[in-house]
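One structure is given here, and the rest of the page talks about it.
This structure is a prediction, so every number in the text was calculated from the model and none was measured. Below, read A as the first sequence line, B as the second, and so on, with proteins coming before strands; counting in each chain starts at 1.
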Amino acid sequence: MRTSQYLIATLKETPSDAEVVSHQLMLRAGMIRKLASGLYTWLPMGLRVLRKVETIIREEMDRAGAMELLMPAVQPAELWQESGRWEQYGPELLRVKDRHNREFCIGPTHEEVITDLVRNELHSYKQLPCNLYQIQTKFRDEIRPRFGLMRGREFLMKDAYSFHIDQDCLEDTYQKMYQTYCRIFDRLGLDYRPVLADTGSIGGASSHEFHVLAESGEDAIAFSNESDYAANVEMAEAIAPSAPRPAATQPMTEVATPDTKSIEQVSQFLDKPPQQLLKTLIVLGEADDEAEPELVALVLRGDHQLNEIKAAKLPGVASPLELATDQQIQKTVGCQPGYIGPVNLKIKTYVDHSAANVADFICGANKDEIHLSGVNWDRDCSFDAAADLRQVEAGDPSPDGNGTLDIKRGIEVGHIFQLGNKYSNALNATVLDNTGRAAVMEMGCYGIGVSRVAAAEVEQNHDENGITWPEALAPFKVVLIPLNMHKSEMVSDATEKLYSQLQDAGIEVLMDDRKERPGVKFADMELIGIPHAVVIGDRSLKEGNLEYRSRKDGSSQSIAIDEMFAFLQGL
RNA sequence: CGGGGCGUAGCGCAGUUUGGUAGCGCACCACGCUGGGGGUGUGGUGGUCACAGGUUCAAAUCCUGUCGUCCCGACCA
């Protein structure tokens with residue numbers, strides 16, 4: 001490709017609405033352009049990268065025995081009504097009507113479509129397991145698209161669905177997909193971790209997320225420093241303290257605490273560490289149809305944070321978790337939030353393991369402007385159950401018993417689930433088993449955010465001059481940078497010769513034949529991130545050399561004209 | 001949806017407080033010089049100042065409403 005005939009859409013300045021590096025650099029390198037919030041055009045230079053990500057994924061999925069197919073992006077409402085998600089999914093599902101006033105949605109995922117296909121096409125357990133995938137554009141009307149490609153509304157996704165006669169078979173494929181994902185992310189050159197994940201709204205038994213480690217990640221991941229344990233903090237279990245609770249040493253007394261509601265304020269006002277305080281949060285219980293929902297109290301140590309996912313799973317607690325309003329609290333507890341405590345609290349009370357282990361604690365008195373100090377469990381108050389309610393923190397013991405936890409940020413680029421029979425049941429997807437009876441198939445599903453991978457890749461591979469693509473993803477492998485080409489015949493001859501040699505050898509080469517000054521060419525090609533550059537100028541040519549430059553480490557070396565082609569081929 | 005910011009040329013911004021008929025840098029076009037790190041000179045092109053309504057002799061500027069967009073929290077590959 002010659003740059004004079006290619007769209008080099010580089011930007012000198014960073015557009016003001018781009019926050020994260022990947023967004024800024026992909027915009028500046030002329031790889032993407034925004035059309036509307038969460039919608040991006042892939043320019044030619046960017047598309048080359050996206051296609052390479054696709055190719056790696058496709059090769060590994062095929063190698064694992066999965067079969068590629070392509071399903072429609074637009075899906076009929078009936079299927080979603082059949083699975084029950086037409087109601088469940090909410091505003092994230094973009095719904096449209098056709099000219100006959102029939103309802104459709106733009107697919108955010110394809111469980112319904114694939115299950116419908118498979119129930120019609122597969123009839124016998126002998127046809128299982130069956131693993132089908134596609135690489136396709138999805139649409140999710142995100143509440144808040146952000147960070148460029150990282151959370152777009154329209155995005156490219158590889159989604160695979162596997163079908164099985166039983167759980168054992170599902171587990172085999174799940175393991176295989178786990179390994180396939182590791183191969184894919186290895187080949188993509190990413191620093192990633194598979195982590196235990198919450199199965200979320202999709203439902204099902206087991207689940208792993210694949211996270212690319214990056215400061216800009218939207219998720220927090222907990223790692224053991226000694227074993228390979230890793231889990232999304234939403235999931236990571238906080239181990240109950242093993243030491244017995246210390247004995248009570250203080251009498252319970254009321255303390256006036258005017259206008260001190262937060263843990264921080266109380267801690268300062270009474271000069272006690274937050275670990276000595278307990279905070280009580282009031283949330284809604286499971287609603288019985290029309291009836292006013294009961295309230296439930298959650299008690300945590302002052303220095304701990306509530307984990308909403310864990311709390312929502314407790315019996316009797318509304319899911320998703322919802323905090324009670326000030327009015328509800330006033331009515332049931334009799335005070336403002338900030339002065340609530342477990343003493344004489346008449347509602348169901350869950351206490352975090354750590355909070356249950358504190359003696360002589362301070363908590364709200366359920367009266368405005370008053371706290372209690374020297375409070376002790378059993379003697380002064382009680383709770384219904386101790387549970388794991390809190391977010392794990394760096395330094396906590398690892399749930400697998402090995403080492404302590406460290407917390408880092410990650411970008412979720414892949415997710416594998418054991419779905420079980422949620423969809424196959426709803427859509428009645430059965431095959432005959434070896435006894436001739438209809439059996440509902442077990443399902444697995446496996447996603448990779450293809451466009452998000454491209455962005456994550458930039459997050460991990462950049463420097464002050466631009467993107468530093470790994471070889472496997474770079475839009476071109478080599479760029480030729482002739483200097484003063486339009487005046488020096490020597491330069492243009494050498495450039496054209498090397499260019500056609502490389503092209504004939506099938507090496508992806510870009511030749512920067514623009515009539516630009518050297519600085520402009522160097523800057524643009526570094527921004528775009530082509531791994532290998534050959535600088536061709538009179539100066540080195542006269543000595544019989546060309547200059548090779550590596551994008552990654554910035555090093556350069558002189559190589560004899562005749563040897564350059566072989567050198568590049570050998571890279 | 002709640003909280004905050006921003007909409008002026010392709011990009012980055014000034015001008016808005018105190019109304020007077022739109023400007024700077026980069027980019028772009030033409031020509032010249034220059035030619036190994038975003039060079040330079042001369043001359044140009046490009047704006048419904050987000051939109052609608054109002055106040056006024058006069059509105060980018062004041063008032064009202066609407067829309068878009070970005071950031072912080074509830075969704076997920």
Separation of atom [atom1] in [X] from atom [atom2] in [N], rounded to whole Å:
X        : N     : atom1 : atom2 : result
A/Met490 : B/G36 : CE    : C1'   : 14 Å
A/Arg514 : B/C28 : CZ    : P     : 10 Å
A/Glu464 : B/G38 : CD    : P     : 16 Å

Protein and nucleotides 7-11 of chain B: nitrogen or oxygen contacts under 3.5 angstrom:
from	atom 1	to	atom 2	distance (Å)
B/C11	O2	A/Glu13	OE1	3.4

Ring centers of A/Phe417, A/His415 separated by less than 6.0 Å: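 Aromatic pair counts; centres sit under 6.0 Å.
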Kindly point out which of [options] is positioned nearest to the side chain of [X]?
X        : options             : result
A/Arg452 : B/C70, B/A77, B/G37 : B/A77
A/Glu142 : B/A77, B/U69, B/G37 : B/A77
A/Arg151 : B/C75, B/A74, B/G36 : B/C75
A/Phe417 : B/U69, B/A77, B/G37 : B/A77
A/His486 : B/G35, B/G36, B/C70 : B/G35
A/Pro518 : B/C75, B/G36, B/C70 : B/G36

Close N or O pairs between protein and nucleotides 39-46 of chain B (under 3.5 Å):
from	atom 1	to	atom 2	distance (Å)
B/G39	N7	A/Arg517	NE	3.4

Watson-Crick or G-U wobble partner of B/C13, both distances under 3.5 Å: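 Here B/C13 is engaged in a pair, and the nucleotide opposite it is B/G23.
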Parallel, tilted or perpendicular, as decided by the 30° and 60° cut-offs, for the rings of A/Trp80 and A/Tyr89: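 Ring orientation of A/Tyr89 relative to A/Trp80: perpendicular.
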Ring geometry between A/Tyr548 and A/Phe567 (parallel below 30°, tilted from 30 to 60°, perpendicular above 60°):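 A/Phe567 vs A/Tyr548 ring planes: perpendicular.
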Within 6.0 Å of CD in A/Glu87, more than 12 heavy atoms from elsewhere: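 Yes.
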Side-chain donor-acceptor pair present, A/Thr3, A/Asp513, cut-off under 3.5 Å: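 Yes.
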Base of [N], side chain of [X] - is there a donor-acceptor contact under 3.5 Å?
X        : N     : result
A/Glu516 : B/G35 : no
A/Lys487 : B/G35 : yes
A/Arg140 : B/C75 : no
A/Asp524 : B/G38 : yes
A/Arg144 : B/C75 : no

Using a 4.0 Å heavy-atom cut-off across all strands, classify [X] as base, sugar-phosphate, or nothing.
X        : result
A/Glu526 : base
A/Phe147 : sugar-phosphate
A/Gly414 : sugar-phosphate

Euclidean distance, A/Ile530 CD1 relative to A/Ile481 CD1, rounded to 0.5 Å: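 If we round to the nearest 0.5 Å, A/Ile481:CD1 and A/Ile530:CD1 are 8.0 Å apart.
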Straight-line distance of A/Met31 CE to A/Leu25 CG, nearest 0.5 Å: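 That separation rounds to 9.5 Å.
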Short side-chain N/O contact from A/Lys34 to OP1 or OP2 of B/C70, under 4.0 Å: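 It does, given that an N or O in the side chain of A/Lys34 lies less than 4.0 Å from OP1 or OP2 of B/C70.
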Phosphate contact (B/G68 OP1 or OP2) by A/Ser37 side-chain N/O below 4.0 Å: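 A/Ser37 to B/G68 OP1/OP2: no side-chain N or O under 4.0 Å.
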pi-stack flag for A/Phe522 and B/G36, centroid dist under 5.5 Å, interplanar under 30°: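 Here the ring of A/Phe522 and the base of B/G36 are not stacked, as the 5.5 Å and 30° limits are not both satisfied.
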Any residue meeting salt bridge (charged side-chain N to carboxylate O under 4.0 Å, His left out) with A/Arg153, in chain and number order, not counting sequence neighbours: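 With neighbours one apart ignored, the set is A/Asp141.
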Of A/Leu389, A/Asp352, A/Ile282, the residue whose pairing with A/Leu298 passes side chain to side chain contact (heavy atoms under 4.5 Å, CB included):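 That would be A/Leu389; it is the only one of A/Leu389, A/Asp352, A/Ile282 passing the side chain to side chain contact (heavy atoms under 4.5 Å, CB included) with A/Leu298.
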Member of A/Glu393, A/Lys279, A/Gln391 meeting the side chain to side chain contact (heavy atoms under 4.5 Å, CB included) criterion with A/His304: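 Single pass found, and it is A/Glu393.
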